[in-house]
Protein chains: 2
Amino acid sequence: LTTPPAPARRGPGRPADGGDRRTAIVAAARAEFAAKGYAAASVRGIAREAGVDPALVHHYFGTKEQVFVAAMELPFDPAERLPEVLAGDPAQLGERLVRLFVSIWDEPDFRAPMLGLLRSAMTGEQGATMLREFVGGALLGRVAAALGDVDPLRVQAAAAQMVGVVLLRHVVRLEPIASASQEDLVALVAPVVQRHLLG
Amino acid sequence: LTTPPAPARRGPGRPADGGDRRTAIVAAARAEFAAKGYAAASVRGIAREAGVDPALVHHYFGTKEQVFVAAMELPFDPAERLPEVLAGDPAQLGERLVRLFVSIWDEPDFRAPMLGLLRSAMTGEQGATMLREFVGGALLGRVAAALGDVDPLRVQAAAAQMVGVVLLRHVVRLEPIASASQEDLVALVAPVVQRHLLG
């Protein structure tokens, strides 16, 4: 077992408090995900790296996916936000998905870490693997599971429509899409997302 | 006037040959686009930087856009490839656009410099401006011009669908979209592109 890293703000001799252990777990999770990728990383390995019991990791964060969300500082927990969107009337599923997607990307606190993840995916295999596993599992996997026997290619085509919109809006910043209202974007692409998913 | 850079392979006293001047113009163009962005860069400025006459830049490359394509080492000249795609039967426009887009992105020689441009757009304002002006002008501007009075937001929604597909296919490399055939992708998104453009 490795020794837990001692955060700077802890004085000598003082035991690690909850905040310190939480910080240590997040730091360990970042290191573990960066070194092994999402799929190979484990709560057990993160706990070992942080010098705490795996039960404490579960206590603070829940599942591995939620540790990932915390480690990446994503202010969006798919396990929390997606189920309500997926549970409503299927006839408006595209609309609810596009509204959620566009509105969270309009929040700088979500956008910055997600763009960081995308940048790392563009510069190295490790980053691409992490993004792929997160998007494929936590996001698209949930959508596919909620829809039953949908063709995964159709789920990805729907995702592509939404991903392309935020890329042109927030990275390329092309007008008029960069300044369009959220409702204009919903009107523009919700029918496409609906058609891809439930055709 | 600045002195033209002397390429290493030119011996002392030998006059610059066509290859040397071409190389000097490309180097000057890269510097000019990087320093000023696409819109503010000019053939005159590039010629000055390369120590040649502007007419020589036009002679070797044609327009500023074509100098840009050469400087970015894009093995795709929109001025050459887009007009034929835009000129055919409007009922199959979506299909032709998606087929062109997907097939050029499947070429590593096109993908590498384009991903480089996208990376630079994600890391700095200068790169974003360059990509925005190139995509907006050379690509989407041509599509919009060919279609007459189409809503630019609809052209961008069509572009978003295609951009999202290549991002999931070549950056995130999500399966099954990463391994899908070009024809599967055409079948999947051409109707959407068609609908956005000619709804």
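In what follows, chains are A, B, ... by sequence order, proteins preceding strands, each numbered from 1. Note: hydrogens, waters and symmetry copies are ignored here, and every other heavy atom, side chains too, is used.
Remark: Arg119(B) CZ to Arg119(A) CZ distance equals 12.0 Å, nearest 0.5 Å.
Ranking Pro152(B), Ala178(B), Pro176(B) against chain A, the residue ahead of the rest is Pro176(B), based on heavy-atom pairs under 4.5 Å. Between chain A and the options Leu174(B), Val163(B), Val171(B), the largest number of non-hydrogen pairs under 4.5 Å is found for Leu174(B). Per-residue counts of heavy-atom pairs under 4.5 Å with chain B were compared for Leu188(A), Thr129(A), Leu140(A), Asp151(A); the largest is that of Leu188(A). For the set Val192(A), Leu168(A), Val135(A), Leu153(A), the entry with the most heavy-atom pairs within less than 4.5 Å of chain B is Leu153(A).
Between Gln161(B) and Ala157(A), the shortest heavy-atom distance links the atoms NE2-O, 3.3 Å.
Interface residue Arg195(A): only side-chain heavy atoms are found under 4.5 Å from chain B. Residue His196(A) touches chain B through its side chain alone, counting heavy-atom pairs closer than 4.5 Å. Of the atoms belonging to Glu175(A), it is backbone heavy atoms, and not side-chain ones, that fall under 4.5 Å from chain B. At a 4.5 Å heavy-atom cutoff, the contact between Ala121(A) and chain B is made by backbone and side-chain atoms alike. Neither the backbone nor the side chain of Ala158(B) comes within less than 4.5 Å of any heavy atom in chain A. Using a 4.5 Å cut-off between heavy atoms, Leu167(B) touches chain A through its side chain atoms alone. Proximity to chain A involves both the backbone and the side chain of Ala128(B), based on heavy atoms less than 4.5 angstrom apart.
Under a 3.5 Å cut-off, the side chain of Arg132(B) and the backbone N or O of Val172(A) do form a donor-acceptor pair.
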